[in-house]
Amino acid sequence: MYVSFWKKSVTVAVSALTALAVSACGTTTGGSESPKQPSVLELLASDLKGSLQKTAEATDKSDSVTVTMSGTAGGEKVSMKGVLDLGDPVKAEMTTTDAKGDATIVRMVGTVIYVEIPAEDRAEMDGKRWMKMDLSAAGKQAGMNLGKQFEDIDPTKQVKTLLATEGTKVVGQETVNGAATVHYTVTTPMATYLQQIDAKLRAGVEQQMSKMGVKDITTDLWVDEQYRPRRAALKMGPLGDLVMDYTDYGKAVTIETPPTAETLDFAEMLKGLKDLQGLEGTTSGT
């Protein structure tokens, strides 16, 4: 049972969190015969860098946001909804739904992720409710840093990435979930994208993307009249195709670390399995 739930936990983490990062921006709208102040939407379309800087500042001031994500990542269908606490460190609680319709709660506090163990499996898990996993350690095993991927759900980081990316274009004005927005898009070559990643993480990310045959990354971003991201879409070839919708900026949220008494540590469980395998090997060899 340990092995079965361990595989499920890693699959949930990798499929839900693998593949979020990068870019977007660019061009015009109509004028008028009489001088007037341009609307926010017109500014979003014409003043690319200035508008993205205002978007970064406005989003950076937000305490929280609700996120709904759908698409595929790492070959798995992804469906997630939850809230982000945009403080330092970023916290999140997301409910993921698999292809069978089964829901799993995933909670992140700082650099640690907690996957809720199904009630029917807890007896086999020493009665624990949560599986604790260190994101950086899990990321190394998966060939990528899942902590960074989880944090990239944060709309502030996406906007700041766009500010550092050349070639962004404006697609035009569009309505997203009832909100008027301006749609930006950019396609970034792999080499350029990798240069935007922390040097400590670059090798692992490059390994995973090269393995999956990713050539470039296309990011789309929709920004509303309050300079807040309303939607982001990410296309990374075979690695993933995700859409994230942002709503309820500033809504009060509380995300707490699960009690230690209700938590099973993934690293310790894995070590126990390896020790058990070693013991079995020693016994069979005698």
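Scope of the values below: all heavy atoms of this structure, side chains included, with no hydrogens, waters or symmetry mates. Here, residue 1 is the first one in the sequence, and each next residue gets the next number.
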Worksheet item: In Å and rounded to the nearest 0.5 Å, what is the OG1 to CG distance from Thr68 to Asn177?
Response: 8.0 Å
Worksheet item: Side chains of Thr185 and Asp220: do they bring a donor and an acceptor to under 3.5 Å?
Response: yes
Worksheet, complete the sentence: Correct closest heavy-atom pair for Glu225 and Val40 would be O-CG1, 3.3 Å
Worksheet item: At their closest point, which heavy atom of Ile217 faces which heavy atom of Leu234, and how far apart are they?
Response: CG2-CD1, 3.3 Å
Practice prompt. Determine, stepwise, if the pair Lys132 / Phe266 fulfils side-chain contact (heavy atoms from CB on, under 4.5 Å).
Written response: CA-CA 6 Å; Lys132 173 184 176 181; Phe266 172 80; 5.9 Å; no
Practice prompt. Give, for atom CZ of Arg230 and atom CG of Asp245, the distance between the pair rounded to the nearest 0.5 Å.
Written response: 10.0 Å
Worksheet entry | Shortest non-hydrogen contact from Val170 toward Val182 | CG1-CG1, 4.0 Å
Fill in: Main-chain N/O of Pro229 paired to Tyr249 side chain as donor or acceptor, under 3.5 Å
yes
Worksheet item: Given the rule that I, L, V, M, F, W and Y join up when any side-chain heavy atoms are under 4.5 Å apart, are Val78 and Val243 in one cluster?
Response: no
Discussion item. Can you confirm whether the side chains of Glu116 and Trp130 place a donor and an acceptor under 3.5 Å from each other?
Written reply: no
Item to complete: Evaluate the side-chain proximity of Val83 to Val253: yes if any heavy-atom separation is below 4.5 Å, no if none is.
Response: yes
Fill in: Check: Val186 and Thr218 side chains under 4.5 Å, non-hydrogen atoms
no
Worksheet item: Does any donor atom in the side chain of Thr97 or Ser79 lie under 3.5 Å from an acceptor atom in the other side chain?
Response: no
Practice prompt. Using a strict 4.0 Å threshold on nitrogen-to-oxygen distance, state whether Lys128 and Glu262 make a salt bridge.
Written response: no
Worksheet item: Is the backbone of Leu43 close enough, under 3.5 Å, to the side chain of Ser51 for a donor and an acceptor to pair up by distance?
Response: yes
Item to complete: Say whether Val176 and Tyr184 are linked into one hydrophobic cluster, either directly or through other cluster members, by side-chain heavy-atom distances under 4.5 angstrom.
Response: no
Worksheet entry | Expected output: side-chain Ser64 to main-chain Lys251 donor-acceptor under 3.5 Å | yes
Worksheet item: Between the side chain of Gln53 and the main-chain N/O of Gly50, is any donor-acceptor distance below 3.5 Å?
Response: no
Practice prompt. Might you point out which heavy atoms bring Ala103 and Thr95 nearest each other, and give the distance in Å?
Written response: CB-CG2, 3.9 Å
Practice prompt. Would you check if Val106 and Ile113 make a side-chain contact, meaning some heavy-atom pair closer than 4.5 Å?
Written response: yes
Worksheet item: CD/Gln173 to OG1/Thr175 distance, rounded to the nearest 0.5 angstrom?
Response: 9.0 Å
Practice prompt. With the side chain counted from C-beta on, respond yes when His183 and Leu221 share a heavy-atom pair under 4.5 Å apart, and no when they do not.
Written response: no
Worksheet item: Does the pair Arg107 and Ile255 meet the rule for a side-chain contact (heavy atoms from CB on, under 4.5 Å), with working shown?
Response: CA-CA 8 Å; Arg107 186 179 295 179; Ile255 300 171; 3.7 Å; yes
Item to complete: Give the cluster check for Tyr227 versus Trp222: same hydrophobic cluster or not, with ILVMFWY residues linked at side-chain heavy-atom distances below 4.5 Å.
Response: no
Worksheet item: Does Thr59 reach the main-chain N or O of Arg228 with its side chain, forming a donor-acceptor pair under 3.5 Å?
Response: no
Discussion item. Would you compute the distance between atom OG1 of Thr181 and atom CD of Gln226 and round it to the nearest 0.5 angstrom?
Written reply: 11.5 Å
Worksheet item: In chain order, what residues pass the side-chain contact (heavy atoms from CB on, under 4.5 Å) check against Val67, with sequence neighbours excluded?
Response: Val65, Leu84, Met94, Ile153, Met244, Tyr246
Worksheet item: Has the side chain of Ser39 got a donor or acceptor atom that lies under 3.5 Å from a matching backbone atom of Glu42?
Response: yes
Worksheet item: If Ile, Leu, Val, Met, Phe, Trp and Tyr residues are connected whenever their side-chain heavy atoms lie under 4.5 Å apart, and connections chain through other members, are Met190 and Met236 in the same group?
Response: yes
Item to complete: Can you measure from CD (Glu256) to CG (Asp85) and round to the nearest 0.5 angstrom?
Response: 11.0 Å
Worksheet item: Between Asp241 and Lys235, is the closest basic N to carboxylate O distance under 4.0 Å?
Response: no
Fill in: Donor-acceptor pair, side chain of Arg129 and main chain of Ile117, under 3.5 angstrom
no
Discussion item. With ring pair (Phe, Tyr, Trp, His ring centres under 6.0 Å) as the rule and sequence neighbours excluded, what pairs involving residues 63-83 come up?
Written reply: none
Item to complete: Determine whether Thr257 and Tyr114 make a side-chain contact, defined as any pair of heavy atoms from C-beta on separated by less than 4.5 Å.
Response: yes
Worksheet item: Roughly how far, to the nearest 0.5 Å, is the CG atom of Asp216 from the CE atom of Met209?
Response: 11.0 Å
